[in-house]
Amino acid sequence: MADRKVELDALRDELIDRLDRYRAHKEHRGGPLDKDMEEQAVEVQNDDVIDSLEDEAEAELRQVMHALARIEAGKGETCEVCEEPISPARLKALPFTTLCRACAESR
């Protein structure tokens, strides 16, 4: 479990850095759009992509933080629905999972 916590801590830090970069990008877009209509369309499209990436990173960060809280509570390797152990292979593939395979598939 200690290895998983270290991995989740690193993933948390990576996600926070990524979110900081996305937010920094959004702060720079405060100026007027380029005068060329094609450039304006590209800028708006790029902003939409950054917004989507930011949303995904925020969702993943919430999952990581939830998994870390469960580890701290001593429940990091048990399914939060059925309370059965989560397989080591699943934890290795999805270190932030809090559900066993059966419960995840049933959702």
Side-chain angles (χ1 to χ4, degrees):
M1 182 157 10
D3 291 340
R4 183 165 165 246
K5 183 176 181 333
V6 169
E7 184 178 356
L8 287 170
D9 284 337
L11 182 55
R12 177 199 59 214
D13 295 344
E14 176 189 324
L15 289 165
I16 289 170
D17 288 344
R18 193 181 314 163
L19 285 167
D20 288 343
R21 288 192 307 274
Y22 295 151
R23 290 174 183 144
H25 171 81
K26 289 167 78 172
E27 287 176 14
H28 291 325
R29 75 173 172 191
L33 291 175
D34 194 288
K35 292 182 184 198
D36 180 86
M37 292 298 283
E38 245 179 83
E39 281 297 315
Q40 284 183 1
V42 169
E43 287 178 32
V44 168
Q45 188 176 27
N46 287 345
D47 290 344
D48 290 343
V49 169
I50 295 296
D51 288 341
S52 293
L53 291 171
E54 182 180 21
D55 291 345
E56 288 175 17
E58 286 174 342
E60 189 172 346
L61 180 59
R62 281 191 298 275
Q63 290 178 309
V64 168
M65 298 303 292
H66 182 67
L68 284 168
R70 288 186 49 80
I71 289 171
E72 290 296 320
K75 299 177 181 181
E77 295 182 359
T78 59
C79 177
E80 68 183 346
V81 174
C82 70
E83 298 183 0
E84 292 295 319
I86 301 171
S87 75
R90 181 165 172 78
L91 290 172
K92 183 175 172 90
L94 295 168
F96 51 82
T97 191
T98 58
L99 300 174
C100 69
R101 185 175 179 178
C103 289
E105 287 176 351
S106 70
R107 287 189 167 195

Practice item. Take L61 and R18, measure what side-chain contact (heavy atoms from CB on, under 4.5 Å) needs, and give me the verdict at the end. Key: CA-CA 10 Å; L61 180 59; R18 193 181 314 163; over 6 Å; no
**Study point:** ILVMFWY network linking L15 to I50, side-chain heavy atoms under 4.5 angstrom
**Key:** yes
Review point. Sequence neighbours excluded, which residues qualify as salt bridge (charged side-chain N to carboxylate O under 4.0 Å, His left out) partners of E54?
Key: R23, K26
Review point. Quick one: NE2 on H66 to CG on L8, what's the gap to the nearest 0.5 Å?
Key: 12.0 Å
Check your understanding: Are L68 and F96 joined in one hydrophobic group, where the rule is that I, L, V, M, F, W and Y side chains link up if heavy atoms are under 4.5 Å apart?
Key -> yes
Check your understanding: For D17, which residues count as a salt bridge (charged side-chain N to carboxylate O under 4.0 Å, His left out) partner, sequence neighbours excluded?
Key -> none
**Study point:** Set of side-chain contact (heavy atoms from CB on, under 4.5 Å) partners for E56, sequence neighbours left out
**Key:** L53
Study note, to complete from the structure: Hits for side-chain hydrogen bond (donor to acceptor under 3.5 Å, both in side chains) against D9, two or more places apart or cross-chain, chain-then-number order -> K5, R12
Point to revise | With D55 via side-chain contact (heavy atoms from CB on, under 4.5 Å) - residues at least two apart | key: E58
Review point. Any idea which heavy atoms bring C100 and C79 closest together, and the distance?
Key: N-SG, 3.4 Å
Review point. Applying the 4.5 Å side-chain criterion to the ILVMFWY set and letting contacts propagate, would L91 and I71 be lumped into a single cluster?
Key: no
Revision key, fill the gap. From the list L99, I86, T97, side-chain contact (heavy atoms from CB on, under 4.5 Å) partner of E80 resolves to L99
Check your understanding: Could you go step by step and tell me if T78 and R70 meet the side-chain contact (heavy atoms from CB on, under 4.5 Å) rule?
Key -> CA-CA 9 Å; T78 59; R70 288 186 49 80; 3.5 Å; yes
Review point. Are M65 and L19 joined in one hydrophobic group, where the rule is that I, L, V, M, F, W and Y side chains link up if heavy atoms are under 4.5 Å apart?
Key: yes
**Study point:** Least distance between heavy atoms, P95 atom then R4 atom
**Key:** O-NE, 2.7 Å
Check your understanding: Mind checking whether L94 and V81 sit in one hydrophobic cluster, side chains of I, L, V, M, F, W, Y counted as touching below 4.5 Å?
Key -> no
Practice item. Heavy atoms only: give me the nearest T98-A67 pair and the separation to one decimal. Key: CG2-CA, 4.1 Å
Point to revise | Pairs satisfying salt bridge (Lys or Arg N to Asp or Glu O under 4.0 Å), at least one member in residues 88-107, at least two apart | key: R101-E105
